[in-house]
Amino acid sequence: MDEEEIPVVDTQSLTIKIANSGQQKLTATSSPYNSPSLISPPSSAFVSALQSPYISPRATLVTNPTQENQETLIAPLTSVVHPSPPVSYCGSQSDDVPSTSYTPPPERYDFSDDPTDTKLKIVTCVPVSGPETDPRISFSFPVPRISFAKGSVSPASNAKLRSCDVYIGFHGQNPNLVRFCKWLKSELELQGIACFIADRAKYADNQSHEIADRVICSVTFGVIVVTGCSFFNHLSLEEIRFFAQKKNLIPLFFNTDINEIASLSNRNGDTKKCKEALDVILKCHEFRLETDESNWRSCVSKAAGILRAKLGRKSVVEKCTEGFEELPFPRNKSFVGREKEIIDIEMTLFGCGDSSEQESSVPSVKGGTPGQSEGLADDESEADVGRGKYINLELGKNKETNKEAWVERNSLKRSKYKKSRSGKNKNLSMSVVCINGLAGVGKTDLALEFAYRYAQRYKMVLWVGGEARYFRQNILNLSLNLGLDVSADAEKEKGRIRSFDEQESEAFKRVKREMFRDMPYLLIIDNLETEKEWWEGKDLHDLIPTNTGGTHVIITTQLNRVMNFDPLQLQPLTTPDAMILIRGRRKKEYLAGEVEFLHKFDEKLGRSSFGLWVVGSLLSELAILPSALFEAVNQVPVEETTSCSNLTIPDQHFCRTNPFLMKTLVFCTALLQQSNDSRDSVASRMLQVGAWFAPAPISVNLLAAAAKKIPVNRNRFKKWTKCMKVALCFYSGQCLTSQAWKSGEESALLLVKLGLARKANRQTGCWIQFHPITQIFAKRKDGLVAAKANVQGARKLGNPVTDSDHLWACAFLVFGFKSEPPVVQLKVMDMVFFIRKTALPLAISAFTTFSRCNSALELLKVCTNVLEEAEKSFVSQIQDWCHGSLCWKKKLQSNQRVDEYVWQEVTLLKATLLETRAKLLLRGGHFDSGEDLCRTCVSIRTVMLGHNHAQTLAAQQTLAKLVRMRSKI
């Protein structure tokens, strides 16, 4: 039939009814819509929302002028009206990627080609055994829903009404329910499964219900998230029974089980519907899923696996995250206290904690909280006045459950938890928690414990160090955990090469987009030093948006305020909890007299969690009485705690205000030096070099390599450690000081046992991370020697990818940055080796892998300047010899001749740096600057190596490319 000849008919005269014989009839008064162009079985196995046997594949809404007061829209014949509510199917908005899922065979139709025949019979493909067969449940619409006007359907309409593989239906007021359903949708879309998620009870307009009905009829599988509210909502019951009859139902129990659902179904007035739905769910043994707060992640993963297998989809290759553990440290088995703080964090992030789950066991009325469903729901509560019943099961009239009292009571509960902790950032206060406290009070332990307890509520836990120098790199390092590609490229965008700022911004935004969407992540920023980024001065708001999506953020910091909202002030442990912590891992009971010394430790340490843990570790490992340990610590000379020559002003203030903590750490240092060779303790030297590494996990191999570079020094604690050693051996059957530590790993684990460091989670090798207070203490004295050893060790074993933070720390020590002067002075040849082995690979990796273009170029420029200064020193020496007396020149020539080999290495390395900078500048469109650098490189190599040398020819090719690109501008 011609499209223009399709008349407009009265939509109210068409209904679908269920006959007792199991056969459905569609009756129409004078309707010619029996043509296959309107209702016909699709030619392929896939049934899309536009190819459903229940709807017309071409549609624009047209109504009679007399129907203007109804909820349908009037569309001109020359335009296509799109549904106003947003439609959410999957992450991609492209129509070029059709779904290829398998759909069960659709119903077949018996229809007559005679246009005068007004009766159309619909026969299901399920064999009908007889009159006893249960009636088929079917969604029905006013047909024709929309008539086709002139013109084609726009791509926007196709995008909104395109096919879906899975329908996710839910109902309830619990915010965690909505969060879980969105997570399930995002995970399925990540697997290439198009989804539609809806709580249809929230829909307030006809178009939303129409589109949802079409999707329900066309999807391959229906995942119904079952809560206590589901059995008090007729729409949820219809979804359960409809998908069950199509044999594509996958029920998922959210914080409930069959027994609870059975008891709640008895409260519903229409027990017949509930029992039928309950019987249907009881029969779904194969695919029935259950989840509670302890297994959200596992349940989502299992559901995705089932649907992927049933749809015949290939398993999506997991993102490459080998070598990167989710949480940086093992769980602290000795964690005590902080239960109130953990509950406060849970209430802030999840609403009302365990109390909120009560909402899932009570019914709700229409007009609930807006914005709880995604796809078609608008921001209004549902108004039932005038809404057509587009889903008609003919099983009785739709009844609203009369449970307003329950809903009101829970709504009041929920409103209390929705109040912001700060009036300025109401959105952030529900998804961002800032933990504030003094150094060593236990902020990191609290965040770590929360992460372990609630990890199942998140797709992944992302841990980021917040130290100013490394914060930007740490954010980009998340791309390795998330499997993102943030590398710089030289591809043209809209006919031009992207600038460095654009490439850096895009890499940062790529990580940001992945973190802050419906996929729930827990982002923990540990030890945030400042809200301003150290490299470029960007604000923290550039990282954390106003709407964090499904992601929660926990920030630990010593700052009074972060992002203009009140932090959670972390107070010292209570006395009972402090006494538990100070007893150490063995939890040994002491006499009353010894307990008094434990209280003295608590008082002297200012109830610092870090200090209490160190004392508890000493008591556990040494098997010493608290009184003897207290006496030994008091033997530490006062001058050992006041030397702070290598520290910043804030660190010096911390050391002076915590003298007893410094004495305790000095005692630990002296203890480490009491091995078989008192002057050659590997653990003691590891502590010294560890202070100058970045605040990140360190490979024991790298730490040991650096420790071996420290020269042997005399034991400066000799005057008082003899007495200490005798006292310790008297109280210890297996004295720690008599053990010989044979390997670097054993020495590193000794530092962990004494509470000075943590063992880090890494898949390969042994890694540890020093406590920030430990690093401050170890820098106090003889720091320059350890800093130089740090640089030498990193040059030997440093990896630009896994050890990037530590290599940057070495670069800061050697070159200084911004207003900070260099700390380590290297000889010329050592500088050449450091630039070649450490700085150059670090810069290339930062540029290519993480798009840190400006930082990498700045590092290469600094390296070039250092080598140029070395060249100048060589030239000045020769000039001084030329202007001196003859006898003076003879003396210099015999003893202090300039090393021509070193000079040549410096010059050639400078040429390499110039060529590398030119290549990188080419990728950012800086052709003029790159050409100048490359010409200098060609000149150097021509003089040093010759015209036909391979390196000279390579530099000439780079120069030619730069000239060619510049000419195209």
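Just so you know, these numbers come straight off a predicted model, no measurement behind them.
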K.L.:
Can you establish whether the number of heavy atoms outside K512 located under 6.0 Å from its atom NZ is more than 12?
P.N.:
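Yes - once you tally the heavy atoms of other residues, nucleotides and ligands closer than 6.0 Å, there are more than 12.
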K.L.:
State whether the side chain of N474 and the backbone N or O of V464 hold a donor-acceptor pair below 3.5 Å, judged by distance alone.
P.N.:
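Side chain of N474 to backbone of V464: no pair is present.
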K.L.:
Any heavy-atom pair between the side chains of Y521 and E514 that's under 4.5 Å?
P.N.:
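E514 reaches Y521 side chain to side chain.
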K.L.:
Show every salt bridge (Lys or Arg N to Asp or Glu O under 4.0 Å) that has at least one partner inside residues 543-556, sequence neighbours left out.
P.N.:
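Every pair satisfying salt bridge (Lys or Arg N to Asp or Glu O under 4.0 Å) with a residue in residues 543-556: there are none.
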K.L.:
Taking the side chain from S851 and the backbone from V486, do they hold a donor-acceptor pair closer than 3.5 Å?
P.N.:
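Yes, S851 side chain to V486 backbone: donor-acceptor pair under 3.5 Å.
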K.L.:
Does the distance from a Lys or Arg side-chain N to an Asp or Glu carboxylate O, for R200 and D213, drop under 4.0 Å?
P.N.:
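Counted as a salt bridge, because a side-chain N and a carboxylate O are separated by less than 4.0 Å.
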K.L.:
Would you please name every residue forming a side chain to side chain contact (heavy atoms under 4.5 Å, CB included) with S298, sequence neighbours left out?
P.N.:
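If we apply the side chain to side chain contact (heavy atoms under 4.5 Å, CB included) test to S298, skipping adjacent residues, the hits are N295, Q456.
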K.L.:
With sequence neighbours excluded, tell me which residues meet side chain to side chain contact (heavy atoms under 4.5 Å, CB included) with S186.
P.N.:
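Applying side chain to side chain contact (heavy atoms under 4.5 Å, CB included) to S186 gives R517, D518, M519.
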K.L.:
Might you point out which heavy atoms bring I524 and A451 nearest each other, and give the distance in Å?
P.N.:
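Closest approach of I524 to A451, heavy atoms only: CD1-CB, 3.8 Å.
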K.L.:
Name the residue from K459, K182, R308 that meets the salt bridge (Lys or Arg N to Asp or Glu O under 4.0 Å) definition with E187.
P.N.:
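The single option meeting the salt bridge (Lys or Arg N to Asp or Glu O under 4.0 Å) with E187 is K459.
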K.L.:
Both conditions, 6.0 Å and 45 degrees, for the charged tip of R297 above the ring of Y458: are they met here?
P.N.:
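No - R297 does not lie over the ring of Y458 by the 6.0 Å and 45° rule.
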K.L.:
Just jot down the side chain to side chain contact (heavy atoms under 4.5 Å, CB included) partners of I306, sequence neighbours excluded, or say none.
P.N.:
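I250, F287, L289, K302, K310.
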K.L.:
Would Y167 and E239 count as a side chain to side chain donor-acceptor pair (under 3.5 Å) if you check the C-alpha gap in whole Å, the side-chain angles of each, and the deciding distance to 0.1 Å?
P.N.:
CA-CA 10 Å; Y167 172 83; E239 293 171 357; 2.7 Å; yes
K.L.:
Could you check whether the rings of F254 and W296 sit parallel, tilted or perpendicular, using 30° and 60° as the cut-offs?
P.N.:
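Plane angle between 30° and 60°, so tilted.
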K.L.:
Any salt bridge linking E341 with K443? Criterion: basic side-chain nitrogen under 4.0 Å from a carboxylate oxygen.
P.N.:
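Salt bridge between E341 and K443, a charged N being under 4.0 Å from a carboxylate O: no.
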K.L.:
Looking at every heavy atom in both N481 and M460, which two are closest together, and how far apart are they?
P.N.:
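The answer is O-CE, 3.9 Å.
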K.L.:
Might you point out which heavy atoms bring T220 and N248 nearest each other, and give the distance in Å?
P.N.:
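So the minimum-distance heavy-atom pair works out to O-ND2, 2.9 Å.
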K.L.:
Should the pair E449-R453 be classified as a salt bridge under the 4.0 Å nitrogen-to-oxygen rule?
P.N.:
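Result for this pair is yes, salt bridge flagged.
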K.L.:
I need the L177 CG to D199 CG distance, nearest 0.5 Å.
P.N.:
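The CG atom of D199 is 8.0 Å from CG of L177, to the nearest 0.5 Å.
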K.L.:
Do R313 and D165 meet the salt-bridge criterion of a basic N to acidic O distance under 4.0 Å?
P.N.:
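Here D165 pairs with R313 in a salt bridge, since their nearest N and O are under 4.0 Å apart.
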K.L.:
Got a donor-acceptor contact below 3.5 angstrom from the T556 side chain to the N527 backbone?
P.N.:
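A pair under 3.5 Å: yes.
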K.L.:
Roughly how far apart are F850 CZ and S479 OG, rounded to 0.5 Å?
P.N.:
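Here the interatomic distance stands at 5.5 Å.
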K.L.:
Please determine if K340 and D344 form a salt bridge, counting it only when a charged side-chain N lies under 4.0 Å from a carboxylate O.
P.N.:
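Yes, charged N to carboxylate O under 4.0 Å.
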K.L.:
Take T548 and S431, measure what side chain to side chain donor-acceptor pair (under 3.5 Å) needs, and give me the verdict at the end.
P.N.:
CA-CA 7 Å; T548 62; S431 57; 3.0 Å; yes
K.L.:
Taking only residues two or more places apart in sequence, or in another chain, which ones meet F471 in a ring-ring contact (aromatic ring centres under 6.0 Å, His included)?
P.N.:
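Not a single residue meets the ring-ring contact (aromatic ring centres under 6.0 Å, His included) criterion with F471.
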K.L.:
Taking only residues two or more places apart in sequence, or in another chain, which ones meet T444 in a side chain to side chain donor-acceptor pair (under 3.5 Å)?
P.N.:
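Listed in chain order: D526.
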K.L.:
Just checking, is any N or O donor in the side chain of H209 or R214 under 3.5 Å from an acceptor N or O on the other one?
P.N.:
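No - no donor-acceptor pair under 3.5 Å links their side chains.
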K.L.:
Looking at L528, is its backbone amide N or carbonyl O close enough to the side chain of T557 to form a donor-acceptor pair, meaning the two atoms are under 3.5 Å apart?
P.N.:
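Side chain of T557 to backbone of L528, a donor-acceptor pair under 3.5 Å: yes, one is there.
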